[in-house]
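Scope of the values below: all heavy atoms of this structure, side chains included, with no hydrogens, waters or symmetry mates.
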Amino acid sequence: MAHVTVIPVLLIFSFFQHKTLFSTILASGQEDIKDARRLHNVLWTTRDDSRVILSWKNNLTKEETKNFTVKYILIYKFFNTTKERKERLQEKEKIIHLKLYSGFNAKVKTQLFAKETEDIIKESDWTEFTYKAPPVYIQNLSCIIYNISFFNCTWHIKAEAPEDIQIFTSYRHIGKVFVCQQYIKNTRKKNIGCHMKEIHFQPSRKISLNITVRNLRNSSSELSYYQAFTPQTIEKLNPPINVSVSLENRSIEIHWKPPPTIGSAKKKCFLYQVKITDRKIVNVTEENYKYPFHKSAKKYAVQVRVKKEICIANKIWSEWSEPVFIHDEKTVDILLLSLTLFCPLVFLGGLLIYACRRYRCLEAITTPVPRPSDKITTWLADEIYHQEHMSMQMEMHSEVTLGTTEENRDENIQLQKCLKELVLEDL
Ligand SMILES: *[C@@H]1O[C@H](CO)[C@@H](O)[C@H](O)[C@H]1NC(C)=O
Ligand SMILES: *[C@@H]1O[C@H](CO)[C@@H](O)[C@H](O)[C@H]1NC(C)=O
Ligand SMILES: *[C@@H]1O[C@H](CO)[C@@H](O)[C@H](O)[C@H]1NC(C)=O
Ligand SMILES: *[C@@H]1O[C@H](CO)[C@@H](O)[C@H](O)[C@H]1NC(C)=O
Ligand SMILES: *[C@@H]1O[C@H](CO)[C@@H](O)[C@H](O)[C@H]1NC(C)=O
Ligand SMILES: *[C@@H]1O[C@H](CO)[C@@H](O)[C@H](O)[C@H]1NC(C)=O
Ligand SMILES: *[C@@H]1O[C@H](CO)[C@@H](O)[C@H](O)[C@H]1NC(C)=O
Ligand SMILES: *[C@@H]1O[C@H](CO)[C@@H](O)[C@H](O)[C@H]1NC(C)=O
Ligand SMILES: *[C@@H]1O[C@H](CO)[C@@H](O)[C@H](O)[C@H]1NC(C)=O
Ligand SMILES: *[C@@H]1O[C@H](CO)[C@@H](O)[C@H](O)[C@H]1NC(C)=O
């Protein structure tokens with residue numbers, strides 16, 4: 001009998017439970033999901049050296065906290081910036097690194113969700129909060145790691161900074177604190193940068209920079225600002241090494257090797273750019289590039305630069321490598337062509353003179369007028385026209401050849417005249 005009674009009781013009970021839950025959802029869902037009056041947030045901040053902790057609490061009952069999923073929406077924006085950062089959190093606090101911002105505006109909203117269905121039960125209004133930091137006297141901070149172990153940071157001093165300040169800097173890396181080795185100063189002897197070398201960087205461990213503005217008149221008004229960097233992301237690589245260039249099959253082949261780096265040296269991490277004289281810069285992921293040329297220039301200057309792109313987001317390009325110059329095949333061709341043309345030309349010159357003389361001999365029998373026929377003149381002219389740049393050489397050569405032959409002097413003078421005329425005409 002016991003079995004028979006228990007089941008209906010359970011059924012009735014579960015039905016009842018279901019109904020009440022359903023009605024509460026309906027009630028809260030339809031009447032006011034945004035139950036601002038009943039749900040209230042309080043925000044406050046605490047500050048330690050380098051960060052601000054924004055915390056909040058609400059007046060949800062213990063039961064509500066237990067029965068529902070509570071989530072928070074946080075939106076915050078640093079002063080004088082446009083980017084709004086939005087986060088959905090389950091914790092009741094957020095650590096905000098101020099860096100060089102002079103404060104932020106934040107707002108928080110509490111949301112209650114049904115555990116199973118994840119339907120929203122109710123939510124609060126936004127609660128706003130403004131955090132105003134002590135004055136920030138520096139801006140435009142930028143740091144760079146280069147040549148493996150060198151580290152430079154620079155900053156500007158804001159115009160509103162008091163006159164009697166000096167700026168000091170140190171950084172923490174892998175649990176150790178290092179002070180600035182060499183300050184970079186402006187004309188007013190204020191420190192506006194720091195140069196350090198022989199540093200061993202752990203590529204994935206943060207560098208926490210501490211910039212302290214000290215009032216030289218009032219030691220109790222010291223202000224410190226903090227900013228952290230991941231070494232790999234601020235590394236400026238040296239230019240690619242062993243850049244070599246060769247001419248092959250009417251294309252320029254360029255080979256190079258990646259420079260040393262503090263981070264991963266995997267092949268796929270590097271992105272290269274190749275610059276050939278004033279041609280368009282091309283992106284290359286391999287360690288070589290082939291440039292087929294259509295139009296030839298006399299001389300090409302080849303340069304390559306590099307940065308990390310795929311393994312790590314890095315915006316800093318290396319300097320361009322020293323230009324490697326190469327002479328175009330065509331330039332070499334022209335030189336060879338000139339040389340190969342010169343010999344036959346000498347020969348041709350000789351032949352020409354011989355032919356002319358021969359012709360003159362024949363002509364002398366038939367007509368008394370000592371002039372080369374039109375045919376020969378045109379032929380000569382064509383020949384000279386085609387070898388335009390060689391004409392002077394040819395002329396000189398003919399003069400020399402003609403000058404040395406004593407016989408038929410008159411004829412030679414005549415021919416010389418004729419040649420000179422033609423040359424001058426062409427020029
Ligand atoms: C939460 O706080 C608000 C404002 O103080 C109040 O009106 C509301 O009744 C409170 N809700 C609960 C559940 O305590
Ligand atoms: C930066 O923001 C603060 C707070 O919103 C404002 O008082 C200040 O004038 C702003 N400064 C500049 C340079 O816009
Ligand atoms: C320095 O920073 C200010 C604001 O942060 C910006 O307006 C200005 O253009 C920056 N100057 C340089 C030279 O980057
Ligand atoms: C780069 O570093 C090497 C070794 O640390 C050093 O010999 C060289 O002078 C540095 N180059 C520059 C341009 O500072
Ligand atoms: C780093 O600072 C030193 C000292 O002022 C300077 O000589 C060097 O050119 C700087 N290097 C870079 C890459 O900014
Ligand atoms: C930052 O540097 C200042 C000046 O040296 C020092 O007083 C302060 O304690 C440093 N902050 C941290 C977190 O080390
Ligand atoms: C020194 O600085 C502190 C903190 O900013 C300030 O309360 C105090 O009045 C200053 N003293 C003088 C002499 O300016
Ligand atoms: C670069 O060239 C030098 C000299 O030719 C050679 O000793 C070195 O091994 C080359 N480096 C690489 C990475 O190929
Ligand atoms: C030269 O290039 C042409 C066309 O690009 C190709 O057909 C030929 O095989 C190449 N010759 C050599 C030796 O690479
Ligand atoms: C080359 O790569 C850079 C960096 O990723 C990119 O900004 C640029 O648009 C690329 N240029 C071309 C022609 O693809």
Side-chain angles (χ1 to χ4, degrees), residues 140-156 181-182 184 192-204 207 209 229-333:
N140 310 88
L141 171 69
S142 103
C143 290
I144 196 168
I145 291 169
Y146 65 102
N147 201 17
I148 299 292
S149 65
F150 290 56
F151 182 45
N152 274 16
C153 284
T154 57
W155 54 82
H156 293 163
Q181 292 170 359
Q182 185 198 330
I184 301 162
I192 52 156
C194 176
H195 171 66
M196 285 178 265
K197 57 187 171 189
E198 284 159 28
I199 298 165
H200 180 73
F201 290 106
Q202 196 78 46
S204 56
I207 300 169
L209 201 69
F229 301 96
T230 307
Q232 299 192 72
T233 62
I234 56 163
E235 185 187 17
K236 179 180 177 175
L237 296 169
N238 283 348
I241 57 169
N242 291 12
V243 180
S244 68
V245 181
S246 58
L247 278 171
E248 266 169 54
N249 199 15
R250 293 203 61 80
S251 63
I252 300 175
E253 265 197 56
I254 308 148
H255 291 262
W256 60 84
K257 287 272 174 260
T261 169
I262 56 165
S264 171
K266 283 191 190 128
K267 232 176 175 174
K268 67 174 166 92
C269 295
F270 298 97
L271 174 71
Y272 303 94
Q273 284 192 330
V274 177
K275 185 165 76 172
I276 301 173
T277 315
D278 49 3
R279 263 146 256 255
K280 221 175 131 218
I281 290 163
V282 283
N283 288 355
V284 184
T285 51
E286 298 298 313
E287 285 169 14
N288 60 73
Y289 177 64
K290 202 169 180 172
Y291 172 70
F293 50 83
H294 316 291
K295 264 202 216 156
S296 45
K298 278 200 181 96
K299 199 168 155 193
Y300 290 105
V302 177
Q303 285 174 293
V304 189
R305 67 175 183 177
V306 63
K307 76 176 180 113
K308 293 272 191 76
E309 170 106 343
I310 295 101
C311 305
I312 189 106
N314 186 324
K315 293 193 183 74
I316 312 160
W317 283 103
S318 76
E319 296 295 323
W320 288 103
S321 61
E322 287 296 316
V324 177
F325 295 99
I326 188 145
H327 291 265
D328 175 0
E329 217 174 39
K330 194 97 178 213
T331 323
V332 178
D333 272 0

- Message: Would W256 and V302 count as a side chain to side chain contact (heavy atoms under 4.5 Å, CB included) here? Give the steps.
- Response: CA-CA 11 Å; W256 60 84; V302 177; over 6 Å; no
- How long is the gap from CD1 on I192 to NE2 on H156, to the nearest 0.5 Å? 7.0 Å
- Under 3.5 Å, is there a donor-acceptor pair between the side chain of S142 and the main chain of T154? no
- Does the T230 side chain pair with the main chain of Q232, one donor and one acceptor, at a distance under 3.5 Å? no
- Message: What I want to check is whether the side chains of E235 and T261 have a donor and an acceptor closer together than 3.5 Å.
- Response: yes
- For residues V282 and Y272, determine if any side-chain heavy atom of one lies less than 4.5 Å from a side-chain heavy atom of the other. no
Donor-acceptor contacts, no H, no angles, side chain residues 239-247, under 3.5 Å, sequence neighbours left out:
none

- Query: Under 6.0 Å from the six-membered ring centre of F270 and within 45° of its axis: does the NZ or CZ of K308 meet both?
  - Reply: yes
- Query: Yes or no on ring pair (Phe, Tyr, Trp, His ring centres under 6.0 Å) for F151 and Y146, after CA distance, side-chain angles and deciding distance?
  - Reply: CA-CA 6 Å; F151 182 45; Y146 65 102; 9.4 Å; no
- Step through the shown structure and confirm whether more than 12 heavy atoms of other residues, nucleotides or ligands are within 6.0 Å of CD on Q202. yes
- Item | Salt-bridge criterion met for E248 and K290 (N-O under 4.0 Å) | no
- Do the side-chain sulfurs (SG) of C143 and C153 come closer than 2.5 Å? yes
- Could you point out which residue of I199, I207, L237 forms a side-chain contact (heavy atoms from CB on, under 4.5 Å) with I145? I207
- d(S149 OG, K197 NZ) to nearest 0.5 Å is 9.0 Å
- Task: Give the minimum heavy-atom separation between C269 and S264, together with the two atoms involved.
- Result: SG-OG, 3.5 Å
- d(Q273 CD, N283 CG) to nearest 0.5 Å is 4.5 Å
- E319/R305 salt bridge by N-O under 4.0 Å criterion: no
- Message: Quick check: do R250 and P292 have side-chain heavy atoms less than 4.5 Å from each other?
- Response: no
- Main-chain N/O of W317 paired to K236 side chain as donor or acceptor, under 3.5 Å: no
- Task: Determine the interplanar angle of the Y300 and Y291 rings, folded into 0 to 90°, and report it as parallel if under 30°, tilted if 30 to 60°, perpendicular if over 60°.
- Result: perpendicular
- Message: Quick check for you: to the nearest 0.5 Å, what is the distance between I262 atom CD1 and I234 atom CD1?
- Response: 7.5 Å
- Item | Heavy-atom pair with the smallest gap, counting every atom of N152 and H195 | OD1-ND1, 2.6 Å
- Task: Could you give me the CA-CA distance, side-chain angles and deciding distance for Y289 and V304, then say whether side chain to side chain contact (heavy atoms under 4.5 Å, CB included) is met?
- Result: CA-CA 10 Å; Y289 177 64; V304 189; over 6 Å; no
- Item | cation_pi(K275, W320) dist<6.0 Å, angle<=45 | yes
- Looking at CD of Q182 and SG of C194, how far apart are the two atoms once the value is rounded to the nearest 0.5 Å? 8.0 Å
- Identify the heavy atoms of W155 and G193 that sit nearest to each other, and give their distance. CZ2-N, 3.5 Å
- Mark yes or no for whether S321, through its side chain, and Q303, through its backbone, hold a donor-acceptor pair below 3.5 Å. no
- Item | CD/E286: more than 12 non-hydrogen atoms of other groups inside 6.0 Å | no
- Query: Do the side-chain N and O atoms of N288 and H255 include a donor-acceptor pair separated by under 3.5 angstrom?
  - Reply: no
- Note on the structure: One should read off an interatomic distance between I254 CD1 and I276 CD1, to the nearest 0.5 angstrom, of 4.0 Å
- Do the side chains of L271 and V284 get nearer than 4.5 Å, heavy atoms only? no
